[in-house]
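Heads up: the structure comes next, in structure tokens.
Letters A, B, ... are given to chains in the order of the sequence lines, protein chains preceding strands, and every chain is numbered from 1.
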Number of protein chains: 2
Amino acid sequence: MTVERRAGSKGARTRTAILDAAEQIMSEGGYAAVTSRSVASRVGVNAGLIHYYFPTIDDLFVALIDRGADVNTQRLARALASSKPLEALWKLNSDRRGVSVLDELMAATHHRPALREQVTAQAERLRGVELAALAELLPQYGIDVERFPPALVAATLQGVALLLARQGNLGVSTGRNDAIAAAEAAIADLEAARHTSGHS
Amino acid sequence: MTVERRAGSKGARTRTAILDAAEQIMSEGGYAAVTSRSVASRVGVNAGLIHYYFPTIDDLFVALIDRGADVNTQRLARALASSKPLEALWKLNSDRRGVSVLDELMAATHHRPALREQVTAQAERLRGVELAALAELLPQYGIDVERFPPALVAATLQGVALLLARQGNLGVSTGRNDAIAAAEAAIADLEAARHTSGHS
DNA sequence: GTCTATATTGAGATAGAC
DNA sequence: GTCTATCTCAATATAGAC
């Protein structure tokens with residue numbers, strides 16, 4: 001369905017610009033604000049052109065999901081390979097714009113089955129990578145993976161960060177600074193206690 | 001704006017039915033699926049009537065937020081007063097339909113300023129109640145409130161539950177059962193270790 | 001309180017010119 | 001590859017009959 005062009009061509013540039021605009025609009029005004037017209041006007045092209053690259057709006061959303069997943073795959077790999085993986089994961093998950101876009105995508109899946117499939121597949125794939133890495137890392141922190149399996153640690157890191165980011169986006173302030181400070185202190189403690197056997 | 005009627009009157013019943021229908025539709029098809037037509041058809045009335053009770057669709061959403069906050073205030077109070085508060089909070093936060101509705105509301109706030117204000121205010125109020133109660137409860141669990149302040153515990157309980165509920169709704173299965181089992185075991189441990197001084 | 005009818009607006013999508 | 005023009009549909013909202 002989607003029009004593919006070799007990188008660097010004019011088509012590829014316009015296509016990228018459309019995706020960029022759509023993502024921006026989504027994070028600012030919600031997924032419902034992403035329309036052929038709104039995207040076209042931000043890109044500075046005609047509305048009809050959007051349908052040239054993405055025949056249906058669902059196609060646009062699917063492309064957005066795939067691109068986002070690719071970017072996140074790279075960020076995740078970098079975080080997991082860094083010298084302070086838990087801290088890096090925390091920062092990654094705390095990105096307010098990212099949380100905002102994710103919230104929108106989740107909501108969008110509720111009435112677009114095609115998106116639902118795509119989000120599920122990509123989430124499953126990303127989670128798999130993360131869990132495999134955490135299974136190796138957690139013992140280094142002295143974390144008992146029987147009591148705190150990778151899946152729980154991943155859910156905690158992401159869940160807490162998501163909630164606090166969401167509160168930040170909303171403007172909810174009650175206790176937020178306390179929670180952030182304590183979370184970061186706890187993570188710093190863990191990083192300090194980590195002992196990497198071997199010499200990577 | 002909104003039409004108020006004494007409880008039990010015909011108007012009050014219709015109004016309630018409209019809110020019920022809207023909430024259901026929102027959890028099934030997303031907030032964008034909530035239209036005067038869809039709500040009216042589910043209630044079994046004419047679309048024009050929706051605007052009699054809620055002049056604008058925003059009014060409907062605001063009423064939905066307020067009602068949801070009221071219900072949650074009661075549930076929260078009951079959970080906090082129960083014999084196993086942390087476990088009760090966990091269950092409360094794990095409600096998949098609730099998470100789904102909350103996700104939708106969050107998304108809806110992105111392009112409706114009136115909703116944003118309302119959600120923020122209600123969230124702030126609810127959080128205040130929860131934090132005050134946790135400040136008293138946590139010491140009973142032997143939790144050091146300096147390291148794990150109420151706001152962090154609240155965010156953790158809600159964040160983890162939200163993430164896992166979301167994965168359940170999506171159909172993401174990787175590691176989900178592990179995480180749930182471990183989370184519930186950890187909470188059970190805490191409840192077992194709790195010692196309530198006094199004789200409530 | 002509820003309905004019918006309708007005005008208005010904006011969205012998705014397509015055809016065809018350039 | 002991009003634009004203009006246009007079709008079709010559905011949503012919000014209002015007016016007025018019953």
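When the P atom of C:dT14 is taken as reference, atom OH of A:Tyr53 falls 18 Å away, rounded to whole Å. As rounded to whole Å, 15 Å separates atom C1' of C:dT4 from atom CD1 of B:Ile50. B:Leu60 has its CG atom 14 Å from the C1' atom of D:dA13, to the nearest Å. Whole-Å rounding puts the A:His111 NE2 to C:dG12 C1' distance at 13 Å. Here D:dT8 presents its C1' atom at 16 Å from CD1 of A:Ile57, a figure rounded to the nearest Å. Taking atom NE2 of residue B:His51 and atom P of nucleotide D:dA13, one finds them 5 Å apart after rounding to whole Å. One atom, CZ of B:Phe54, and another, P of C:dG1, lie 13 Å apart when rounded to the nearest Å. Protein atom CZ of A:Arg37 is 16 Å distant from nucleotide atom P of D:dA10, rounded to whole Å.
Map A:Gly44 and B:Thr35 each onto its nearest nucleotide of DNA chain D; the residue landing nearer the 5' end is A:Gly44.
When the side-chain nitrogen and oxygen atoms of B:Thr14 are compared with OP1 and OP2 of C:dT2, one or more of them lie within a distance under 4.0 Å. In this structure, A:Ser36 does not reach the C:dA11 phosphate: none of its side-chain N or O atoms is under 4.0 Å from OP1 or OP2. Put simply, A:Tyr52 has a side-chain N or O that comes within less than 4.0 Å of OP1 or OP2 on D:dG1.
With respect to B:Arg127 and B:Glu124, no salt bridge is recorded, no charged nitrogen being found less than 4.0 Å from a carboxylate O.
Listed candidates were D:dG1, C:dG1, C:dA13. Nearest to the side chain of B:Lys10 is C:dG1. Residue B:Asn46 places its side chain closer to C:dC3 than to any other of C:dC3, C:dT2, C:dA11.
Within 4.0 Å (heavy atoms only), A:Leu49 reaches at least one base atom of the nucleic acid.
Side-chain contact of B:Asp59 with B:Thr56: a donor-acceptor pair under 3.5 Å is present, judged by distance alone. Using modelled atom types and a 3.5 Å distance limit, the side chains of B:Thr73 and B:Asp70 yield no donor-acceptor pair.
Heavy-atom contacts from other residues, nucleotides or ligands closer than 6.0 Å to CZ of B:Arg125 number more than 12.
Aromatic rings from A:Tyr31 and A:His111 are positioned such that their centres are separated by under 6.0 Å.
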